[in-house]
A.B. asks: 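One structure coming up, written as structure tokens, with questions to follow.
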Amino acid sequence: FGSSHFGPRSEDRVLVARKPHRLARRSGKMVERLTSRRHSRYATKANRCRTLRTPGGKLILQVVKKKAKGPACGDCGKRLIGLPCLRPLEYRRLKKRERRVSRAYGGTKCAK
């Protein structure tokens with residue numbers, strides 16, 4: 001009778017409980033915990049985070065921005081050249097001449 005679908009035997013459980021944690025064995029320090037600075041706790045595409053160590057030695061979570069795909073042609077779907085790849089909010093901050101190409105249908109359709 002080893003471990004059945006009811007779980008491991010009591011002798012096995014005692015051995016597992018006494019085994020030191022791998023992080024505690026490596027360093028004598030406790031692991032520093034991080035708390036999210038945003039409301040959502042789930043690992044979604046919009047909520048990706050990176051751990052950073054501040055100059056004060058504190059660990060914080062930095063929110064990673066989404067990568068922008070950039071504008072595409074309305075007819076063929078290819079990416080438009082001469083225009084920056086930004087998120088929609090950042091396009092609004094640009095001047096009008098930076099958002100388009102000086103051509104008929106510039107900024108919405110490609111040259112072909």
Side-chain angles (χ1 to χ4, degrees):
F1 262 83
S3 57
S4 64
H5 67 280
F6 293 114
R9 291 182 295 186
S10 62
E11 304 94 65
D12 295 339
R13 258 186 260 133
V14 172
L15 290 175
V16 172
R18 282 193 206 151
K19 188 175 171 185
H21 192 264
R22 62 184 174 84
L23 289 174
R25 192 174 42 211
R26 225 182 303 155
S27 65
K29 279 202 236 172
M30 286 182 63
V31 180
E32 193 173 339
R33 292 183 183 265
L34 292 169
T35 54
S36 177
R37 299 186 326 200
R38 283 192 170 186
H39 184 68
S40 177
R41 69 186 70 177
Y42 302 107
T44 58
K45 283 195 293 185
N47 200 28
R48 285 185 310 179
C49 293
R50 230 175 70 186
T51 54
L52 268 184
R53 191 170 291 280
T54 60
K58 209 165 67 170
L59 273 180
I60 61 162
L61 282 177
Q62 185 184 48
V63 180
V64 179
K65 287 185 177 179
K66 284 186 181 181
K67 275 190 83 172
K69 284 177 96 174
C73 175
D75 292 337
C76 61
K78 287 184 184 173
R79 298 280 156 220
L80 295 176
I81 56 170
L83 298 175
C85 293
L86 302 173
R87 297 295 297 169
L89 182 77
E90 293 164 337
Y91 273 118
R92 276 182 251 158
R93 295 185 190 133
L94 292 181
K95 295 182 178 121
K96 193 169 185 178
R97 64 176 175 79
E98 295 170 336
R99 274 182 273 160
R100 60 180 63 220
V101 184
S102 57
R103 185 176 57 237
Y105 300 107
T108 57
K109 296 187 179 172
C110 59
K112 278 144 183 98

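Side-chain atoms are counted along with the backbone in the values below, which use heavy atoms only and exclude waters and symmetry mates.
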A.B. asks: Would you name the heavy atoms of Arg53 and Glu32 that are closest together and state the gap between them?
C.D. replies: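 Minimum heavy-atom contact is NH1-OE1, 4.0 Å.
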
A.B. asks: How long is the straight-line distance from CD of Gln62 back to OG1 of Thr54, given to the nearest 0.5 Å?
C.D. replies: 11.5 Å

A.B. asks: When rounded to the nearest 0.5 angstrom, what is the spacing between CZ in Arg33 and CG in Leu59?
C.D. replies: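 Reported value, rounded in 0.5 Å steps: 13.0 Å.
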
A.B. asks: Below 4.5 Å, heavy atoms only, C-beta onward: do Arg38 and Val63 meet side chain to side chain?
C.D. replies: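 When only atoms from C-beta onward are counted, Val63 and Arg38 do touch, with a gap below 4.5 Å.
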
A.B. asks: Output the distance between atom OG1 (Thr51) and atom CG (Leu61), rounded to the nearest 0.5 Å.
C.D. replies: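 So the gap between those two atoms works out to 7.0 Å.
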
A.B. asks: Name the atoms and distances for all side-chain donor-acceptor pairs under 3.5 Å in residues 70-96, with sequence neighbours left out.
C.D. replies:
from, atom 1, to, atom 2, distance (Å)
Arg79, NH1, Gly70, O, 2.6
Glu90, OE1, Arg87, N, 3.2
Tyr91, OH, Pro84, O, 2.3

A.B. asks: Does atom CZ of Arg100 have more than 12 heavy-atom neighbours from other groups under 6.0 Å away?
C.D. replies: no

